[in-house]
Amino acid sequence: MTLEGGEGSGKTTQALRLSQSLTAKGYDVLLTREPGGTVIAEQLRHILLRTDSTELLAPETEVLLILAARRQHVAHVIRPALKRGAIVICDRFSDSTFAYQGYGRGLDLKILRRMNDWATGHLSPHLTLLFDLPVAMGLRRRGTASDSNRLDREAGAFYTRVHAGFHALAKREPRRIVVVDARPSPDVVTAQMETLVFARLRRSHFKTDPKR
Ligand code: TMP
């Protein structure tokens with residue numbers, strides 16, 4: 001299962017809460033994030049998000065680094081966890097690449113999909129929660145965060161394209177990508193999210209059962 005959304009959408013907080021409540025229900029849960037999740041992938045994340053480099057990162061280099069990190073993550077962390085029957089909760093995954101590098105940067109989506117399929121071995125989430133927030137609201141929330149990264153410095157139009165991109169992706173795959181309204185308070189968003197996830201689990205969308 002993956003959590004997606006623009007800057008300031010609160011998905012990281014919600015990912016943590018979801019992993020805690022699923023763990024409390026007895027599920028084997030792995031909470032992880034992208035770019036990152038392994039030592040090498042976290043090093044690539046540092047290169048991708050650092051703000052102190054004078055060398056510009058070409059969009060193609062950016063996507064190659066993201067996919068290199070994803071390959072490590074899928075091979076060393078995600079697939080082994082799925083194999084043992086765990087629920088994997090990943091904070092961002094392939095949809096971020098399509099939204100940011102495809103819709104945001106303007107790279108060819110067909111090429112990105114092929115490269116992504118190659119990098120992941122065609123691994124796709126069972127469920128994706130898209131935390132939806134108007135762009136301006138997200139940037140306001142994000143603006144108060146202390147850990148600003150390289151992509152936070154993009155112009156507003158970039159985020160508008162990313163936001164529209166996420167919606168286009170959700171429209172293309174409405175069963176997999178479910179939009180969650182991220183405007184209410186975190187507790188209300190958590191309740192919405194949990195109702196949705198628990199309902200999917202009851203319909204045994206995932207091939208996993210609680211251990212106790
Ligand atoms: P986050 O930890 O706040 O989600 O930040 C990660 C940043 O990396 C965010 O600005 C989006 C960006 N990103 C991409 O541009 N493409 C990707 O495929 C992924 C996973 C992240």
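Just so you know, residue 1 is the first one in the sequence shown, and it goes up from there.
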Residues two or more places apart in sequence or in another chain: which of them pass salt bridge (Lys or Arg N to Asp or Glu O under 4.0 Å) with [X]?
X    : result
R176 : D95, E173
R17  : D187
E60  : none
D117 : none

Identify whether [X] and [Y] are in the same connected component of the hydrophobic contact network (ILVMFWY, side-chain heavy atoms under 4.5 Å).
X    : Y    : value
W118 : L112 : no
V179 : F98  : yes
V88  : L130 : no
L65  : V74  : no
L127 : F198 : yes

Could you tell me if the side chain of [Y] sits less than 4.5 Å from the side chain of [X], heavy atoms only?
X    : Y    : result
I87  : L30  : no
T128 : V178 : no
I78  : L123 : yes
T32  : I89  : no
E4   : F131 : no
R92  : Y100 : yes
L109 : Y103 : yes
L64  : M115 : yes

ILVMFWY cluster membership beyond L133 - transitive side-chain contacts under 4.5 angstrom
M137
Measure the CD-CG distance between Q192 and L129 for me, rounded to the nearest 0.5 Å.
10.5 Å
On a heavy-atom basis, which atom in [X] and which in [Y] lie closest, and how many Å separate them?
X    : Y    : value
S9   : A182 : O-CB, 3.6 Å
A69  : A41  : O-CB, 3.7 Å
D181 : V189 : O-CG2, 3.6 Å
S19  : V29  : CB-CG1, 3.8 Å

With [X] via side-chain hydrogen bond (donor to acceptor under 3.5 Å, both in side chains) - residues at least two apart:
X    : result
E62  : Q101, R105, R150
S124 : none
T12  : D91
S94  : N116

Residue pairs meeting salt bridge (Lys or Arg N to Asp or Glu O under 4.0 Å), one or both in residues 29-44, sequence neighbours left out, come to R33-E42, E34-R70
ring-ring contact (aromatic ring centres under 6.0 Å, His included): pairs with one or both residues in residues 57-95, sequence neighbours excluded:
none
Counting only heavy atoms not in [X], do more than 12 fall under 6.0 Å of its [atom1]?
X    : atom1 : result
R183 : CZ    : no
I40  : CD1   : no
R114 : CZ    : no

Verify, without hydrogens or angle tests, whether [X] (side chain) and [Y] (backbone) share a donor-acceptor contact under 3.5 angstrom.
X    : Y    : result
Q14  : P186 : yes
R161 : A99  : no
R45  : G36  : no

What residues, two or more places apart in sequence or in another chain, satisfy ring pair (Phe, Tyr, Trp, His ring centres under 6.0 Å) together with H167?
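Checked H167 against ring pair (Phe, Tyr, Trp, His ring centres under 6.0 Å); matches are H163.
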